[in-house]
Number of protein chains: 2
Amino acid sequence: MACEREQFTKLIEQKNLRATEARCRILELLHETHEHYTPEEMLEALRERGKPLSIATLYQNLAKLADAGLIARIVGPDGHTRYDVNTLPHHHLVCKVCGRMLDVGVEGPLQDLRPVALYDDEEDPATWRLGEVHLEFHGVCPACQARLAEAAEASD
Amino acid sequence: MACEREQFTKLIEQKNLRATEARCRILELLHETHEHYTPEEMLEALRERGKPLSIATLYQNLAKLADAGLIARIVGPDGHTRYDVNTLPHHHLVCKVCGRMLDVGVEGPLQDLRPVALYDDEEDPATWRLGEVHLEFHGVCPACQARLAEAAEASD
DNA sequence: TTACGTGCAAACGTTTTGCACAAAC
DNA sequence: GTTTGTGCAAAACGTTTGCACGTAA
């Protein structure tokens with residue numbers, strides 16, 4: 001059974017992969033929500049949206065789609081692997097309570113930042129070939145703020 | 001057998017933990033090298049330095065030391081867990097070839113950076129309670145540069 | 001009809017846990 | 001003597017793989 005969702009079918013076939021239903025559903029989920037799902041969360045989200053996917057198929061397809069450059073594999077500070085439809089360089093806002101990640105851009109003088117050694121006996125960062133800088137803004141998402149406020153009230 | 005290394009003994013006992021030899025050796029290794037070892041690498045490094053440590057003891061002690069705030073658990077972009085003696089806010093330079101991490105500070109106008117939404121339908125980062133910003137400079141470490149240069153020559 | 005995708009179950013590497021023994025207080 | 005740490009072996013967890021079958025070109 002081929003995938004009927006035109007835009008995703010095209011994206012996938014451009015990469016010389018077969019546009020199967022499983023692949024289209026994964027791409028559709030990520031594009032529609034912009035969420036950074038862990039594989040486990042994705043399995044649950046796909047189950048809620050209709051037919052469940054087997055865990056092996058999910059992992060196999062996530063690997064294929066990531067290899068093809070259609071999605072990006074990222075690992076949050078909590079160590080959980082997540083997938084992002086945004087494969088262009090960008091930054092993240094991470095909730096330190098629940099680990100949820102949000103894609104963000106940045107306003108400000110990014111190009112003026114330079115790494116400098118922290119210790120006297122440390123090698124000089126200038127000896128590294130430098131590439132991009134990735135910013136990780138840490139914070140508490142609105143949902144966790146509400147949950148924390150509730151817990152604080154309950155303990156009064 | 002208690003640990004004799006005065007400075008580490010004190011650090012550990014201040015946190016109401018017993019300053020055992022295993023814990024002192026772990027702290028000593030991290031302080032002396034400033035390396036960001038994975039547990040597996042640490043096991044190997046400790047073996048080379050003398051008596052090996054059992055893997056269970058290593059994990060148990062890494063967890064205790066991290067809970068006590070004596071070391072920090074960090075997860076690199078490659079998904080490997082590593083430990084850092086520097087528990088103060090700081091930044092990292094990450095080798096995109098081997099995954100090695102270096103502690104760095106930053107020069108430049110950090111405080112002027114603000115996250116901004118990337119998509120039209122995205123929630124506003126301003127609704128998050130914001131904390132610190134963590135910078136991840138990506139690059140290639142000197143060792144990997146040399147290895148890459150060698151491989152390039154060999155293929156000529 | 002040949003290549004590729006799916007899903008089960010088994011294997012894998014990393015991390016955690018239960019437990020008996022040893023060491024520290 | 002009670003609490004805490006160690007180390008083995010077993011379990012748990014997330015992820016990958018082998019394989020038989022199904023589907024696509």
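Only a predicted model underlies this, so the values are computations on that prediction, with no experimental measurement involved. Order of the sequence lines sets the chain letters (A, B, ...), proteins ahead of strands, with each chain counted from 1.
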Tell me the interatomic distance from B/E40, atom CD, to C/dT16, atom P, rounded to whole angstroms.
13 Å
Once you round it to whole Å, what is the distance between P of C/dA23 and CZ of B/R23?
16 Å
Without decimals, in angstroms, what is the distance between A/L58 CG and D/dT15 P?
10 Å
Ranking B/A22 and A/A56 by the position along DNA chain D of their nearest nucleotide, the one closer to 5' is B/A22
Qualifying salt bridge (Lys or Arg N to Asp or Glu O under 4.0 Å) pairs, either residue in residues 87-97 of chain A, two or more places apart
A/K96-B/E132
Could you list the residues that satisfy salt bridge (charged side-chain N to carboxylate O under 4.0 Å, His left out) with B/E122, not counting sequence neighbours?
none
Send over the distance from B/D78 CG to D/dT15 P, rounded to a whole Å.
14 Å
According to salt bridge (charged side-chain N to carboxylate O under 4.0 Å, His left out), who are the partners of B/K15, at least two apart in sequence or on a separate chain?
none
Distance check needed: D/dT3 P versus B/N16 CG, whole Å only.
16 Å
To the nearest Å, how far apart are B/I55 CD1 and D/dG5 P?
19 Å
Distance check needed: D/dT23 P versus A/K51 NZ, whole Å only.
11 Å
For a quick test of your reading: what N or O donor-acceptor pairs under 3.5 Å do the side chains of residues 68-80 of chain B make, sequence neighbours left out?
unit_1 : atom_1 : unit_2 : atom_2 : d
B/D78  : OD1    : B/H80  : N      : 3.0

I want to know whether A/H31 and A/F8 have ring centres closer than 6.0 Å.
yes
Between C1' on C/dT16 and CZ on B/R73, what's the gap in Å once rounded to a whole number?
12 Å
State, without any angle test, whether B/D84 and B/H90 hold a side-chain donor-acceptor pair at a distance under 3.5 Å.
yes
Sequence neighbours excluded, which residues qualify as salt bridge (charged side-chain N to carboxylate O under 4.0 Å, His left out) partners of A/E123?
B/R100
Using a cut-off of less than 4.0 Å, is there contact between a side-chain N or O of B/T57 and OP1 or OP2 of D/dG7?
yes
Does OP1 or OP2 of D/dT6 have a side-chain N or O of B/T20 closer than 4.0 Å?
yes
Which nucleotide sits closest to the side chain of A/Y59: C/dC8, D/dA9, D/dG14?
D/dG14
Counting the atoms with a prime plus P, OP1 and OP2 as sugar-phosphate, which does A/Q60 contact under 4.0 Å by heavy atoms, base, sugar-phosphate, or nothing?
base
Members of residues 61-70 of chain B that approach DNA chain D, where some heavy atom sits under 4.0 Å away:
B/N61, B/K64
